[in-house]
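Hydrogens, waters and symmetry mates are skipped; everything else that's a heavy atom, side chains included, is used. Order of the sequence lines fixes the chain letters, A, B, ..., with proteins taken first and strands second; residue numbering starts at 1 for each chain. Please read all numbers here as calculations on a predicted model, not as lab measurements.
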Number of protein chains: 2
Amino acid sequence: MKLSKKSDYALRAMVYLTANYQKGAVQIKEISAKEKIPQKFLENILLTLRKVGILNSKMGLRGGYELARSPDLITLGQVIRALDGAIAPVDCVSQMSYKPCSEEVTCVIRSVMMDVRNAITDVLDKMTFAEMCNRAADSLEKREALTYTI
Amino acid sequence: MKLSKKSDYALRAMVYLTANYQKGAVQIKEISAKEKIPQKFLENILLTLRKVGILNSKMGLRGGYELARSPDLITLGQVIRALDGAIAPVDCVSQMSYKPCSEEVTCVIRSVMMDVRNAITDVLDKMTFAEMCNRAADSLEKREALTYTI
DNA sequence: ACAAATTCTACCATATTGATAGACTATTAT
DNA sequence: ATAATAGTCTATCAATATGGTAGAATTTGT
């Protein structure tokens with residue numbers, strides 16, 4: 001049930017781009033350096049995200065990447081699906097790459113796997129990058145406030 | 001986030017053994033045939049499940065495998081962890097193979113991944129084979145009742 | 001024209017996955 | 001006793017996925 005390095009890097013890059021939303025295009029080199037992601041690998045990842053319409057790019061001098069829409073309209077689920085494909089643990093409960101199992105009607109396991117898929121997508125398809133970054137900022141503030149109080 | 005074939009086969013074999021609980025040892029060959037799992041592959045899987053104490057085995061003539069304890073004391077999570085290892089999407093939120101990420105305190109992604117892990121384990125660590133098989137039997141009954149009524 | 005940036009195509013090493021082979025050991029019916 | 005049965009162990013293997021690299025081509029601002 002592991003997130004691939006690709007998706008992990010993608011999420012980090014997206015967080016970086018969320019933090020820099022509306023500051024214009026950000027270059028791969030910068031993201032790669034700040035988030036410590038191998039640059040050439042990151043290239044592939046950002047390219048993929050552009051192709052599915054999550055990022056916009058600008059070539060040439062002063063080019064770079066930026067979010068294609070507001071970070072409260074981009075969910076973690078969208079990004080993970082773009083890189084890793086289906087989120088569902090088995091294909092017979094997948095939205096993205098559904099394939100019926102041989103004995104779907106009587107399959108004992110299927111309904112539990114459906115529960116698992118729903119549990120995962122309930123988190124990943126609802127959480128936006130805007131919310132995630134706010135949440136983190138909040139808890140950081142609280143921590144700092146606490147430290148100060150102590 | 002995909003379940004491996006190994007875990008998938010393991011779950012099916014466990015369902016079969018649950019259905020045959022208290023009927024004595026069941027042979028690999030039988031499970032393999034009924035559940036259409038490559039026999040040699042299934043051997044490895046059952047061996048693993050025995051080594052972690054989920055199954056008991058008996059060698060020799062009339063030997064075979066059986067559940068080591070009542071199916072309401074065995075969860076899907078236990079079986080999947082035995083075969084695939086940690087369930088958590090990233091190590092920094094894993095019970096089984098926890099490794100801190102470099103920037104755990106400020107990591108934006110971690111808390112969401114924690115939510116995902118909890119969502120998954122909430123299903124898999126609570127669902128027992130007894131319950132799963134009952135659930136399936138129930139819904140099968142309902143379906144049959146419905147068919148009859150119509 | 002030139003430099004800076006993305007894009008595209010291809011490649012590669014390693015690990016994991018799914019599966020198989022065969023020798024070995026333990027049990028038991030006869 | 002012994003043959004047949006059934007799990008155990010070690011090793012191997014092909015295919016695929018993963019993580020990463022290389023370099024040429026293309027686009028764009030100055």
Side-chain angles (χ1 to χ4, degrees), chain A residues 1-13 17 20 24-33 35-68 80-86 89-91 97, chain B residues 1-13 17 20 24-68 80 82-86 89-91 97:
Chain A
M1 317 285 272
K2 203 104 140 220
L3 202 67
S4 71
K5 218 73 179 139
K6 230 173 179 171
S7 278
D8 184 40
Y9 288 158
L11 294 181
R12 289 174 200 291
L17 288 171
N20 288 274
V26 180
Q27 283 115 41
I28 294 177
K29 199 162 55 165
E30 181 182 337
I31 305 172
S32 148
E35 296 290 330
K36 284 164 200 140
I37 304 170
Q39 182 170 337
K40 278 295 190 177
F41 199 24
L42 184 57
E43 280 183 32
N44 291 325
I45 293 166
L46 297 182
L47 211 45
T48 303
L49 290 174
R50 199 219 55 182
K51 281 176 183 163
V52 298
I54 290 173
L55 297 180
N56 282 333
S57 66
K58 238 174 75 183
M59 287 177 91
L61 197 58
R62 303 236 173 138
Y65 283 95
E66 60 190 348
L67 302 185
I80 293 174
R81 281 198 188 83
L83 278 309
D84 283 359
V90 291
D91 284 343
S97 54
Chain B
M1 317 287 273
K2 204 106 141 215
L3 201 68
S4 71
K5 217 76 178 138
K6 229 173 180 172
S7 279
D8 184 41
Y9 289 158
L11 295 181
R12 290 173 200 290
L17 288 171
N20 288 274
V26 179
Q27 283 116 41
I28 295 178
K29 201 163 54 166
E30 181 181 336
I31 305 173
S32 148
K34 290 286 177 60
E35 296 291 330
K36 283 164 202 141
I37 304 171
Q39 182 170 336
K40 276 295 190 178
F41 199 23
L42 184 57
E43 279 183 33
N44 292 324
I45 293 167
L46 297 183
L47 212 45
T48 303
L49 289 174
R50 198 217 58 183
K51 280 176 183 163
V52 299
I54 291 174
L55 296 181
N56 282 334
S57 66
K58 238 173 79 182
M59 286 178 92
L61 196 57
R62 304 234 172 140
Y65 283 96
E66 60 190 348
L67 302 187
I80 292 174
L83 278 309
D84 283 358
V90 291
D91 284 343
S97 53

### Query
Quick one: CG on A/Leu3 to CD1 on A/Ile80, what's the gap to the nearest 0.5 Å?
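One finds 5.0 Å between CG of A/Leu3 and CD1 of A/Ile80.
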### Nucleic acid contacts of residues 2-13 of chain A, taken as heavy-atom distances under 4.0 Å to DNA chain D
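When residues 2-13 of chain A is checked for heavy atoms under 4.0 Å from DNA chain D, the hits, listed by number, are A/Ser4, A/Lys5, A/Lys6, A/Tyr9.
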### Message
Tell me which residues in residues 35-45 of chain A lie within less than 4.0 Å of DNA chain D, going by non-hydrogen atoms.
### Response
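Within residues 35-45 of chain A, the residues near DNA chain D are A/Pro38, A/Lys40, A/Phe41, A/Asn44.
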Show the distances under 3.5 angstrom between N or O atoms of the protein and N or O atoms of nucleotides 27-30 of chain C.
from	atom 1	to	atom 2	distance (Å)
C/dT27	O2	B/Leu61	N	3.3

What integer distance in Å separates [X]:[atom1] from [N]:[atom2]?
X       : N      : atom1 : atom2 : result
A/Arg50 : C/dT6  : CZ    : C1'   : 9 Å
B/Leu83 : C/dT16 : CG    : P     : 16 Å
A/Ile31 : C/dA5  : CD1   : P     : 12 Å
A/Leu47 : D/dA22 : CG    : P     : 18 Å
A/Lys29 : C/dA4  : NZ    : P     : 8 Å
A/Leu55 : C/dA5  : CG    : C1'   : 15 Å
A/Tyr65 : C/dA5  : OH    : P     : 13 Å

### Task
Using the ring pair (Phe, Tyr, Trp, His ring centres under 6.0 Å) rule, collect all pairs that involve residues 34-60 of chain B, keeping only residues at least two apart or in two chains.
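Non-adjacent pairs meeting ring pair (Phe, Tyr, Trp, His ring centres under 6.0 Å): B/Tyr9-B/Phe41.
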By side-chain contact (heavy atoms from CB on, under 4.5 Å), which residues pair with [X], not counting sequence neighbours?
X       : answer
B/Glu66 : B/Asn56
B/Ala86 : B/Ser94, B/Met96, B/Ser97
A/Glu30 : A/Tyr16, A/Val26, A/Lys34
B/Thr48 : B/Leu83

### Query
Is there a side-chain contact between A/Arg12 and A/Asp8, using heavy atoms and a 4.5 Å cut-off?
yes
### Task
Check whether any side-chain heavy atom of B/Tyr65 sits under 4.5 Å from a side-chain heavy atom of B/Ile54, and report yes or no.
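B/Tyr65 vs B/Ile54: side chains apart.
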### Query
Counting any heavy atom closer than 4.0 Å, what does A/Ile28 reach on the DNA or RNA strands: base, sugar-phosphate only, or nothing?
sugar-phosphate
### Task
List for me each residue that meets side-chain hydrogen bond (donor to acceptor under 3.5 Å, both in side chains) alongside A/Ser4, sequence neighbours excluded, and say none if there are none.
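For A/Ser4 the side-chain hydrogen bond (donor to acceptor under 3.5 Å, both in side chains) partners, ignoring immediate neighbours, are A/Asp84.
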#### Entry: For A/Arg81, salt bridge (Lys or Arg N to Asp or Glu O under 4.0 Å) partners two or more places apart
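Only A/Asp125 meet the salt bridge (Lys or Arg N to Asp or Glu O under 4.0 Å) criterion with A/Arg81.
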### Query
Can you name the salt bridge (Lys or Arg N to Asp or Glu O under 4.0 Å) partners of A/Lys58, sequence neighbours left out?
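A/Lys58: no salt bridge (Lys or Arg N to Asp or Glu O under 4.0 Å) contacts found.
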### Message
Quick check against the 3.5 Å criterion: does B/Gln27 have a side-chain atom that pairs as donor or acceptor with the backbone of B/Arg62?
### Response
no
### Query
For the helix from C/dA1-D/dT30 to C/dT30-D/dA1, how many degrees between its two end axes (five pairs per end), to the nearest 10°?
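It works out to 10° between the end axes.
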### Task
For residues A/Ser32 and A/Pro38, report the shortest heavy-atom separation together with the two atoms involved.
OG-C, 4.5 Å
### Among B/Leu42, B/Ile45, B/Ile37, side chain to side chain contact (heavy atoms under 4.5 Å, CB included) partner for B/Ile28
B/Leu42
#### Entry: 5'-most by nearest nucleotide on DNA chain D - B/Lys51 or A/Asp84
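Closer to the 5' end of DNA chain D: B/Lys51.
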